[in-house]
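Below is one structure; the comments refer to it alone.
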Amino acid sequence: MAHKIRLQSSDGDTFDVDVEIAKQSATIKTMLEDLGMEDEDDVIPLPNVNSAIMKRVITWCTHHKDDPTPPEDDENREKNTNDISSWDQDFLKVDQGTLFELILAANYLDIKGLLDVTCKTVANMIKGKTPEEIRRTFNIKNDFTPQEEEQIKKENEWCEEK
Amino acid sequence: MAESVLSFFELPLLTQEKILKYLPYSELSRIRIVSKRMHHLCSGILNRSYYLLEPFIQELQRSIKSKLPRRESERHKHPLSYKFDTISSLDSRIQWLKLTFNSAIGNGLCCFYPGKLLDEIYIVIRHLQLQQICPNPRSILQEVRDMSSMAIEHFREHIEPKLQQTKLMPLTNSLGVNSSFSLFSTPTSTSVSSLRHQLAPQLRKHHTMLKSSNALLREQINVLRKSVQQQNMLICSKNYQLGLCRRLLQYRTRSVLKQSYRIKRLEKNLVQTNHILNETRQKFDQFLVLYNSNRDNSNSREDNDTTANNNDNNDNEQEKNSITLKHKNDDDDNDDKTDEIIYCSTDEQEERRNCFTMTKNNRKRQKL
């Protein structure tokens, strides 16, 4: 007997979700437990998430409902971006705008697993690219003067073999 | 690309740093050149990780030392002695790096750009934290030794002299620690603080140009706070107006009630007046009937009298008719006398019942 709660997106659409799936979001968990909304049939408003992103977030949470709690971030942790599961990789084969919207939603809803995997995906989009490719990918303008660029290039030559 | 697609720099600042922290420090050093904002972010992460080295190493040194015997002679035989030697060597390397780079980094002239060296140092620290044995202890620090020497030599030969000459736009943040560009006007400048004061407008301009997410959010919060205050004031004024309208409504309601009560009283008075008027009219009818009957009787007695009596009778009849007519609200203008009587009758009819009674008595006297 799964107890369901209703989540309302910024567009006004409501979604019925199992409580245990929704509680992957620390934000929703706090609303339910600390604010005493658990026993009510009220709709939980989530004004920072639109319907399309809400659907995707619910899909991700439903798939990952049995995942163990992710460990806390360690400052000295090994930086590994190769451990994204194939399901997550397919799930995150979306346009850049949707990916960033998912990051914002995961940040707002405080879903650590989704935030980690989306940030790793963006990091993989940066890794290995030349600066010009990174600028094209993220539509970033190069606002350095030639002298400033020269200085940075000079600094980065410290480990180049001559 | 979509029209309103989020850009990387529109994400929250902590999220931007979270993404970049998944990249090795060598990558961060390499991608600094993408844009000034990227440079600012990457420099911040590089400098913070560099400054965290010393406390990390000291903490590790303490924990390793606590596991070793206190006697120096026995320490050399312990399996963990290699760790202690490694961490001590690493500490001395860090001190050398501090001597070389700290001044430039602290003054905001550059960041700790040897990212590959940072990666290597953290690999050694992780090894010392997690691994228990090492087959070749001397090789652990070899890479760090080589890289740190290269970095220090390169900095002293190529970078430090140019930091004195190059005039670059600053990228200082509020702490002034994570800045990455130098700012020199003349080689003879002695203090960076005076240079900063000279170029404060440019610094301010760049600060506004860059605008971290926190500053943007603070501005948005201030704007929202002001609008909330305005809304609150508007609500207060509307509440006051509402109170005024309520009081006015109550007053008007009371007035309307009073008016309706007054109307009822007047209606009641009107009903009473009509009732009195009807009674008066009935009495007047009775009087007329009586008068006419008396008149008939007197006429029959005076049949044998002179015609003057007949004239009087005619007059009286006319008077009677006029009165009757008048009672029926018809005017008879044949006789002045009748008119007078009518006039008198009309006048008295307009008065109350007492006046009319007096008139009735007058007529009786006339008849007699």
Side-chain angles (χ1 to χ4, degrees), chain A residues 73-82 95-104 106-108 112 115-116 118-145 147-162, chain B residues 1-2 4-12 14-15 18-27 29-39 48-49 52 56 110-111 113-117 119 122-123 125-126 129 147 150-155 158-159 162-163 166-169 180-182 209:
Chain A
D73 286 345
D74 183 15
E75 190 66 37
N76 191 24
R77 71 177 188 279
E78 201 170 346
K79 299 179 183 192
N80 187 10
T81 58
N82 299 324
D95 60 278
Q96 203 182 110
T98 307
L99 182 60
F100 286 151
E101 296 271 2
L102 278 169
I103 289 177
L104 285 179
N107 186 48
Y108 170 67
K112 191 176 183 310
L115 187 61
D116 286 347
T118 46
C119 288
K120 282 182 191 176
T121 306
V122 177
N124 284 336
M125 287 163 71
I126 298 173
K127 204 189 272 189
K129 286 194 166 76
T130 64
E132 191 51 43
E133 285 169 351
I134 294 171
R135 287 184 198 122
R136 268 201 300 270
T137 305
F138 295 106
N139 198 25
I140 298 172
K141 196 183 163 212
N142 180 9
D143 48 359
F144 281 123
T145 63
Q147 293 90 351
E148 290 162 350
E149 273 196 68
E150 192 54 42
Q151 178 166 343
I152 297 174
K153 282 181 186 167
K154 202 77 187 166
E155 287 170 0
N156 286 343
E157 282 173 3
W158 72 276
C159 64
E160 281 179 9
E161 292 171 8
K162 292 173 187 173
Chain B
M1 209 179 286
S4 60
V5 171
L6 276 176
S7 72
F8 178 81
F9 293 115
E10 284 176 355
L11 294 173
L14 287 175
T15 311
K18 189 180 171 74
I19 291 170
L20 292 177
K21 277 183 181 174
Y22 279 110
L23 300 172
Y25 295 115
S26 54
E27 274 290 302
S29 189
R30 189 178 68 83
I31 66 171
R32 286 183 300 147
I33 206 169
V34 166
S35 74
K36 286 185 179 177
R37 210 156 168 188
M38 187 66 87
H39 186 289
R48 268 198 298 276
S49 300
L52 278 173
F56 255 136
C110 72
C111 68
Y113 56 82
K116 205 167 175 184
L117 174 60
D119 284 329
Y122 274 107
I123 288 172
I125 291 174
R126 260 197 303 280
Q129 282 175 330
M147 279 191 191
M150 280 166 62
I152 291 166
E153 280 171 21
H154 180 267
F155 179 80
H158 299 106
I159 305 298
K162 284 189 181 166
L163 288 177
T166 311
K167 190 174 185 178
L168 293 169
M169 299 307 285
S180 52
F181 274 118
S182 61
M209 276 168 62

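Just so we're on the same page: letters track the sequence lines, and every chain starts at 1.
Comparing A/Ala123, A/Cys119, A/Pro131 by how many heavy-atom pairs each has under 4.5 Å with chain B, the most go to A/Cys119. Contact count versus chain A (heavy atoms, under 4.5 Å) is highest, among B/Ile19, B/Leu20, B/Ile31, for B/Ile19. Comparing A/Asp116, A/Ile134, A/Leu99, A/Thr121 by heavy-atom pairs within less than 4.5 Å of chain B, the highest count is held by A/Asp116. The most heavy-atom pairs under 4.5 Å with chain A, out of B/Met38, B/Arg30, B/Glu10, come from B/Arg30.
For a residue to count as touching a neighbouring chain, one of its non-hydrogen atoms must lie under 4.5 Å from one of that chain's; by this rule B/Phe155 does not touch chain A. Residue A/Ile140 touches chain B through its side chain alone, counting heavy-atom pairs closer than 4.5 Å. For a residue to count as touching a neighbouring chain, one of its non-hydrogen atoms must lie under 4.5 Å from one of that chain's; by this rule A/Asn107 touches chain B with the side chain only. When heavy atoms are compared at a cutoff of 4.5 Å, A/Asn124 does not approach chain B at all.
Taking a cutoff of 4.0 Å between a charged side-chain nitrogen and a carboxylate oxygen, A/Glu132 and A/Arg135 qualify as a salt bridge.
Residues A/Leu104 and B/Pro12 have side chains in contact (heavy-atom distance under 4.5 Å, counting atoms from C-beta outward). Between B/Leu52 and B/Tyr122 there is a side-chain heavy-atom pair separated by less than 4.5 Å. Between A/Val122 and B/Tyr22, the closest side-chain pair of non-hydrogen atoms is not below 4.5 Å. B/Arg32 places a side-chain heavy atom less than 4.5 Å from the side chain of A/Asn156.
Atom NZ of B/Lys116 is surrounded by 12 or fewer heavy atoms from other residues, nucleotides or ligands within 6.0 Å.
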